Amino acid sequence: MIALNLIRNEKERVLQGLQKKHFTAIHLVDEILTLDEVRKTTQKQMDDLLAQQNVAAKQIGGLMKEGKKAEAEAIKLQVAEWKASTETLKTELAQTEQKQFDLLVLLPNIPSQLVPNGRTPEDNEVIYTVPELPTLSSTAKPHWELTEQYGLIDFELGVKLTGAGFPVYTNKGARLQRGLINFFLDRATAAGYVEMMPPLLVNADSGFGTGQLPDKEGQMYHATVDDFYLIPTAEVPLTNIYRDVILKEEQFPIKMCGYTPCFRREAGSYGKDVRGLNRLHQFDKVEIVQFEHPDKSYNTLETMVKHVEGLLKELELPYRILRLCGGDMSFASALTYDFEVWSAAQQRWLEVSSTSNFESFQTNRMKTRFKDSSGKMQLAHTLNGSALALPRIVAALLENNQTASGIRLPKAIHSFVGMEIIN
RNA sequence: GGAGGAAUGGCAGAGUGGUCGAUUGCGGCAGUCUUGAAAACUGUUGAACUGAAAGGUUCCAGGGGUUCGAAUCCCUUUUCCUCCGCCA
């Protein structure tokens with residue numbers, strides 16, 4: 001949620017930012033500002049009435065003590081009138097605030113200066129790409145054939161147990177998952193991220209805090225009996241740890257990491273996009289999250305990008321890094337880098353990480369603040385990134401490293417997976 | 001799931017209808033003292049909205065009610081604690 005103050009003080013910048021994100025309902029900005037004026041006026045009227053009542057209440061108290069009942073009763077009559085007016089104003093105020101809030105949550109975050117203009121994935125800026133893409137023999141298989149050949153994943157069994165998009169990792173396939181999770185977690189903790197194991201179901205407040213609610217309600221599984229949501233990413237519980245918290249400046253940076261399964265409904269997906277491991281309803285991911293001082297969050301974003309890049313290098317996968325254009329970035333993000341690995345058999349790039357600075361978009365919703373050196377309350381900045389999401393990494397590992405004798409795993413994960421080759 | 005009890009400022013803990021936004025202690029911050037630190041002493045120390053400021057309003061788990069007036073009384077939701085039941 002954009003801070004109301006930003007709209008009040010830097011309306012032009014907000015408007016430009018919204019346009020860059022290809023947000024069309026620009027008129028909302030003026031509506032919000034109009035409502036703001038209405039709100040102030042109403043509040044002032046109400047506050048004045050309340051002030052009068054407070055004074056009167058004290059008078060009555062005094063008169064009662066002195067035994068001047070009649071005079072007290074006279075004032076009571078007056079107060080009753082004020083009270084009725086106050087009620088009306090109170091209702092008006094609540095309605096205005098609700099309207100303003102409803103509009104405010106519709107606005108996406110303002111993109112940073114670095115975000116390239118553009119609307120579609122083609123407009124994303126490639127800031128790094130491997131010098132040369134590997135070429136495989138004509139007999140190279142896509143990962144969904146390899147997982148079957150080596151007995152790593154049973155997609156059909158998942159369909160039986162749950163439905164499409166819920167694979168069962170079997171035998172060495174399960175071992176590979178566990179090894180990769182440990183590898184990613186160890187690298188994250190070595191980089192100073194504190195390991196967390198959060199709940200996999202969250203309440204609506206948490207969903208709101210990170211921006212999944214109300215904007216993306218349909219993307220989450222909803223356990224309606226208890227009104228809990230299955231997390232689409234560890235970002236949700238990890239970031240919400242600091243919801244309604246006032247931090248001390250010296251606590252920055254707060255660095256957390258966590259492995260969780262992630263659940264996404266992915267309604268409407270079909271075709272080659274969802275084949276095999278390309279898009280699942282349940283998948284595993286290690287997430288890194290930081291709370292940072294506003295002055296430092298962009299430097300921090302760079303360190304997170306370096307961290308994710310380091311993982312891909314260790315995994316010896318061909319990758320590229322994209323700076324997402326205004327039209328392709330997420331609702332809540334101010335700057336996003338996507339990491340894609342080359343799927344040799346499918347001849348396409350697969351997104352394996354999205355690393356973003358949300359600035360104060362999430363903390364404004366969560367009320368995560370700190371007192372700066374001048375004693376002023378400020379919203380903290382949040383950042384997060386996948387480090388990494390497993391399925392597409394597995395897909396790329398299998399496809400790129402397939403040989404006649406089996407799948408050769410990169411050296412970095414040998415000790416984690418307990419295998420050098422899958423055959 | 002059943003029966004009781006509780007929820008107050010960063011923490012601990014007073015306050016049971018009328019200057020209570022809240023006594024006090026700890027912690028934090030500033031100062032005195034000190035070569036420095038500690039100790040001691042003094043002062044200061046919640047948030048939101050509004051206002052140029054002075055000030056005003058709101059907030060004692062959340063919501064609703066009673067009253068001229070609620071942290072204080074009533075209803076309700078949530079959470080925590082104790083006991084019982086169930087359970088990996």
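Here is how names work: the chains are called A, B, and so on, in the same order as the sequence lines, proteins then strands, and each is numbered from 1. Computed from a predicted model, the values in this text were never measured in an experiment.
Atom name P, nucleotides rG63(B) and rU8(B): the rounded distance is 16 Å, in whole Å. rG4(B) and rC75(B) are spaced 13 Å apart, taking the P atom of each and rounding to whole Å. rG21(B) and rA70(B) are spaced 14 Å apart, taking the C1' atom of each and rounding to whole Å. Rounded to the nearest Å, the gap between the P atom of rG10(B) and that of rU19(B) is 23 Å. Comparing rC73(B) with rA7(B), their P atoms are spaced 10 Å from each other, to the whole Å. Comparing the C1' positions of rG25(B) and rU45(B) gives a spacing of 15 Å, expressed to the nearest Å. Comparing rG36(B) with rG31(B), their P atoms sit 13 Å apart, to the nearest whole Å. rA6(B) sits 31 Å from rC87(B) when the P atoms are compared, rounded to a whole Å.
Residue Gln59(A) contributes atom CD, which lies 14 Å from atom C1' of rU19(B) at whole-angstrom precision. A straight line from CG of Asn54(A) to P of rG56(B) spans 10 Å, rounded to a whole angstrom.
Heavy atoms of Leu50(A) sit under 4.0 angstrom from primed sugar atoms or phosphate atoms, though from no base atom.
As the counterpart of rA88(B), no nucleotide is assigned, since no Watson-Crick or G-U wobble pattern has both distances under 3.5 Å. Base pairing analysis places rA47(B) opposite rU58(B); the two distances defining the Watson-Crick or G-U wobble pair are each below 3.5 Å. The nucleotide rG10(B) finds its pairing partner in rC26(B), both defining distances of the Watson-Crick or G-U wobble pair being shorter than 3.5 Å. Base pairing annotation: rA40(B) forms a Watson-Crick or G-U wobble pair with rU32(B), both donor-acceptor distances under 3.5 Å. Remark: rC80(B) base-pairs with rG5(B). Criterion, Watson-Crick or G-U wobble with two distances under 3.5 Å.
For the 3.5 Å distance criterion, the side chains of Thr91(A) and Thr88(A) fail to qualify, holding no donor opposite an acceptor.
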Produce the list of close N/O pairs, under 3.5 Å, pairing protein atoms with atoms of nucleotides 48-55 of chain B; give distances to one decimal.
residue	atom	partner	partner atom	Å
rA48(B)	OP1	Arg369(A)	NH1	3.4
rC49(B)	O3'	Arg39(A)	NH2	2.7
rC49(B)	O2'	Arg39(A)	NH2	3.3
rC49(B)	O2'	Gln43(A)	OE1	2.7
rU50(B)	OP1	Arg8(A)	NH1	3.3
rU50(B)	OP1	Arg39(A)	NH2	3.3

Interface polar pairs with nucleotides 62-69 of chain B, N/O, under 3.5 angstrom:
residue	atom	partner	partner atom	Å
rG69(B)	OP1	Lys83(A)	NZ	2.7

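Cation-pi geometry between Arg365(A) and Phe208(A) is satisfied (NZ or CZ under 6.0 Å from the ring centre, within 45° of the ring normal).
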